[in-house]
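Numbering of residues begins at 1 and proceeds along the displayed sequence. Every heavy atom of this structure was used, including side-chain atoms; hydrogens, water molecules and symmetry mates were not.
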Amino acid sequence: MAEDMQVRQEKIGSVTMDYTYYSGQDLYSDGEIEDKLLDIAMYNPPEDFPRIIETEKSWPVFYHFSPLRTNIVDWIPFKKTDKVLEIGSGCGAITGALAKRAGSVTCIDLSAKRSKVNAYRNRNADNITIIVGNFKDIEPHLDEDYDYVLLIGVFEYGQAYIGGAAPYEDFMKICDRHRRLDGRLIIAIENKFGLKYWAGCREDHLGTYFSGLEGYQDGGSARTFTRHGLERLLDKAGIHEYAFYYPYPDYKFVTTIYSDRYLPKKGELSNNLRNFDRERVLLFDEKQVFDEIIDENEFPLFSNSYLLVVGGAPNVIYTKFSNDRVAKWAIRTAIVRDDPRHMHVEKMADTEAACRHLMNTKQACEQLSVRYEGTKIDINQCTVIGDDIKNGLSFEYCRGETLEKLLDECLMRADVAGFKALIQEYMHWLHYNEDAYAVSNFDFIFPNILVDGKRWHIIDYEWTFDKHIEAKDIAFRAFYNYTLGGEMRHACEDLLMRDILGFTDEEIAAAAEEEKEFQLRITGGRASAGRMRELIGNRAYALEGMLKYCNHADIKYVAQIFVDYGDGFSEENSEKFLDCFVLGRYLKLEYDIPDEAVKVRIDPCMYPCVVDIREIRAGDRIYPEEDIVVNGFRQECGLVVFDSEDPNCTIDVEGGSHLTVDMEVFELPQPLASQLAQREVKESFVEKTKGFLKTKLRG
């Protein structure tokens with residue numbers, strides 16, 4: 001970087017903080033939460049972050065400190081000689097991962113406080129420089145030979161960073177010119193047409209429903225794009241070498257990364273409840289819709305996020321992360337395309353401790369191969385890469401259809417006999433040689449079995465144990481996980497659990513609890529990402545439940561006014577009020593009384609209730625208690641108890657005046673309403689009840 005200004009630097013641990021371009025004021029902030037983030041980074045080692053995340057149950061703490069955030073870059077083939085530029089590094093969610101694998105990391109961020117969070121959490125890294133200031137001021141002084149330029153969750157703010165008539169096109173050009181000729185520009189960004197937004201998730205930056213789908217009509221500083229929108233920007237920027245990857249469920253907490261060379265298959269996209277930051281609605285089953293999208297070859301249009309790689313695409317075409325676990329079991333799986341006709345699979349340890357788990361997997365391969373020797377069961381063979389387990393294991397890439405998909409196809413065409421035949425064959429191989437060999441593949445589940453003609457390829461067997469596990473217990477795990485995959489599969493529960501396994505309801509419940517305990521052992525009791533959504537507490541409201549509530553509200557929270565013109569009350573001469581309750585109990589009505597009216601009847605609701613008539617006014621006249629005729633029982637405390645589903649109050653009126661009604665209405669259980677409505681109720685009971693009712697009515 002050119003030294004044409006007075007350099008102002010300080011050290012936080014081994015990290016260099018550069019304030020040369022800092023104005024002295026943070027131009028954006030999330031408020032007090034940033035002080036908490038700084039305290040966490042200053043006074044806690046990174047290994048304590050997962051515990052703090054669970055304790056705080058806070059979206060910002062989870063978002064900024066979860067180790068899962070680094071998944072988005074952990075698969076990229078950095079080298080220790082690489083020079084990396086991270087634009088918009090924020091609190092350093094991925095900076096540390098870059099520093100471990102690259103030679104040097106230069107960070108740029110507008111906020112000094114966030115940059116301090118980054119520095120303190122990575123204080124032991126001596127290859128990080130954080131430049132604080134406005135990107136437009138810093139950019140002209142940056143080198144143009146970076147091996148990687150990264151914008152993770154940053155490109156959408158291009159108009160705020162750059163401004164001008166074509167901010168995103170200019171931002172793309174500016175960032176691209178800072179990579180070396182054979183380097184890469186990496187952009188992670190939400191897809192404004194992502195399926196989760198159609199299904200009822202709020203737009204990430206505005207927090208409103210359907211904002212991106214509607215073209216950001218309400219403004220805001222961020223803009224996201226479809227794939228076609230990004231391709232138009234690339235074309236305008238003169239960039240023609242690039243590849244799209246598809247982080248799932250999204251780039252923030254990615255569990256799987258697909259590509260155009262390896263797209264998802266039906267049944268794989270079932271982890272869709274990821275609304276950590278806000279409540280959402282559930283307008284449809286995203287898994288089922290994703291399956292249809294995959295069938296129609298439209299997944300790139302509806303992927304929730306994009307990971308755009310400008311420059312030469314890595315030869316990794318698929319990655320699955322299994323690192324939401326205890327360190328000794330944290331691994332990831334990749335599919336690598338060696339050439340257009342050949343692929344292989346790699347499993348790598350995410351931690352040094354997990355190398356032992358890979359060695360156990362290799363041993364499992366050898367043991368299971370002996371158990372199934374000479375059968376149609378093919379245990380996918382593995383070898384140690386480069387004779388060092390730290391490099392991982394290499395497997396053959398097997399082709400075929402998963403047993404899970406074949407079972408689904410039987411269900412789709414109502415082929416019960418075919419479904420049962422597959423399950424019976426599965427059970428046969430599960431029992432095969434079980435008494436002769438003390439080795440059990442607890443991972444013998446349907447997605448791990450690829451059927452290719454007459455061969456059954458077992459592609460994953462990491463949970464294999466040197467002991468005998470009952471076949472029915474392994475089968476239960478396979479059946480249980482299968483039936484969680486939607487209503488169609490759930491309908492098979494009786495067949496699988498009761499008819500095939502012969503389990504009772506109590507045994508099913510006990511086995512399900514054992515599976516949960518097994519998952520807890522894998523995670524070390526730590527909260528998974530899905531569990532963190534529950535702990536943070538942002539709910540997902542199903543459409544069916546919302547409709548039921550709306551129907552309920554149309555009945556419960558509706559009042560009606562009847563007008564008597566001298567011939568009595570009738571439905572014909574009435575009006576309903578649907579939006580007249582505040583906080584579910586305060587009834588506020590306004591109504592212009594017709595000129596010919598002689599009486600008005602006010603029906604506050606359609607259920608037994610107790611009512612505090614605070615005020616009924618017609619014009620200048622405020623009606624005293626004695627002028628209001630009720631079909632309920634007046635308590636000594638002044639409240640009126642109605643024990644019918646047709647409570648009403650009637651007043652004499654002079655036509656042409658304006659009516660206002662102010663009441664508090666509290667629903668009562670029918671037995672209590674009936675008891676209170678008895679005129680023989682003892683005074684002592686009324687006194688006891690009075691306080692209860694007043695408390696309920698007052699809040």
Item checked: Donor-acceptor contact present, side-chain Asn631 to main-chain Asn648, <3.5 Å -> yes

Checklist line | For Leu496 against Ile500, the heavy-atom pair lying closest together | finding: O-CB, 3.3 Å

Item checked: Phe446: which of Tyr480, Tyr426, Phe419 passes ring-ring contact (aromatic ring centres under 6.0 Å, His included) -> Tyr426

Notebook entry, point to check: Is the closest side-chain donor-acceptor distance between Gln519 and Glu515 under 3.5 Å?
Noted result: yes

Next item on the list: Assess Arg533 against Phe276: is NZ or CZ under 6.0 Å from the centre of the six-membered ring, and within 45 degrees of the ring's axis?
Entry: no

Next item on the list: Using only heavy-atom distances, determine whether the side chains of Asn71 and Asn323 contain a donor-acceptor pair under 3.5 Å.
Entry: yes

Notebook entry, point to check: Is a side-chain N or O of Asp564 found less than 3.5 angstrom from the main chain of Val598, in a donor-acceptor match?
Noted result: no

Next item on the list: Examine the side chains of Asp408 and Tyr482 and answer whether a donor and an acceptor come within less than 3.5 Å of each other.
Entry: yes

Note to self: Applying side-chain hydrogen bond (donor to acceptor under 3.5 Å, both in side chains) to Tyr216 and Glu203, what does each step give before you reach the verdict?
What the structure shows: CA-CA 10 Å; Tyr216 295 98; Glu203 203 276 341; 2.9 Å; yes

Margin query: Is it the case that the side chain of Trp59 and the backbone of Ile536 share a donor-acceptor pair, with hydrogens and angles ignored and the cut-off at 3.5 Å?
Written below: no

Margin query: Using the side chain to side chain contact (heavy atoms under 4.5 Å, CB included) definition, which of the options Leu587, Ile613, Asp612 pairs with Glu664?
Written below: Asp612

Notebook entry, point to check: Of Asp643, Val640, Val641, which meets side chain to side chain contact (heavy atoms under 4.5 Å, CB included) against Val610?
Noted result: Val641

Notebook entry, point to check: Is it true that the side chains of Ser211 and Tyr197 contain a donor and an acceptor less than 3.5 Å apart?
Noted result: no

Next item on the list: Check the pair Glu286, Arg280 against salt bridge (Lys or Arg N to Asp or Glu O under 4.0 Å), reporting the backbone distance first and the verdict last.
Entry: CA-CA 13 Å; Glu286 287 159 84; Arg280 63 163 292 182; 3.0 Å; yes

Item checked: Tyr248 and Asn272 side chains, donor-acceptor separation under 3.5 Å -> yes

Note to self: Could you tell me if the side chain of Gln560 sits less than 4.5 Å from the side chain of Glu571, heavy atoms only?
What the structure shows: yes

Item checked: Shortest non-hydrogen separation from Asp324 to Ala529 and the atoms involved -> OD2-N, 3.0 Å

Margin query: Tell me whether Arg498 forms a cation-pi arrangement with Phe503, defined as NZ or CZ under 6.0 Å from the six-membered ring centre and within 45 degrees of its axis.
Written below: no

Next item on the list: Just grab all the ring pair (Phe, Tyr, Trp, His ring centres under 6.0 Å) pairs involving residues 639-664, residues at least two apart or on different chains.
Entry: none

Next item on the list: Return yes if some donor-acceptor pair links the side-chain N/O of Arg51 with the main-chain N/O of Arg526 below 3.5 Å, else return no.
Entry: no

Notebook entry, point to check: Regarding Arg601 and the six-membered ring of Phe562, is the cationic atom NZ or CZ under 6.0 Å from the ring centre and inside 45° of its axis?
Noted result: yes

Check: Side chains of Tyr541 and Glu279: do they bring a donor and an acceptor to under 3.5 Å?
Finding: yes

Check: Any donor-acceptor pair under 3.5 Å linking the side chain of Glu190 with the backbone of Lys192?
Finding: no

Margin query: To check you understand the geometry: which heavy-atom pair defines the closest contact between Asn275 and Arg539, and what is its length?
Written below: ND2-O, 3.2 Å

